[in-house]
Amino acid sequence: MKKTFIALTIGSLMGFAAFGQDTAKDDLKKSGQDVKKAGKATGKAAKNAGKGVAKGTKKGVHKAASATAKGADKVKDKTE
């Protein structure tokens, strides 16, 4: 009787352990979802970086244009 009870207990514990394991298909699904999330995050980061570059470029162009206009005014004043 004691051996039967031990065998049933071990068998039921093994059944619970097998139930909790993920299958290979589940692992592939999870990895695919992780890759998708990483791709979205990378896209958002690239978009934000692009906006920063555009803002910096615009600021630099306007600053250079202002300096060029200022220099042109100085040259014009000297030639008159």
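From a predicted model like this one, the values you see are computed outputs, not experimental measurements. Nothing fancy with the numbering, it's 1 onward along the sequence.
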Participant: Is the backbone N or O of His62 less than 3.5 Å from a side-chain atom of Ser66, with the two atoms forming a donor-acceptor pair by type?
Facilitator: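 Answer holds: no.
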Participant: Atom NZ in Lys44, atom NZ in Lys40: separation rounded to 0.5 Å?
Facilitator: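 If I round to the nearest 0.5 Å, the distance is 7.5 Å.
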Participant: Just how far is it from atom CG of Leu28 to atom CD of Gln33, taken to the nearest 0.5 Å?
Facilitator: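 If we round to the nearest 0.5 Å, Leu28:CG and Gln33:CD are 11.0 Å apart.
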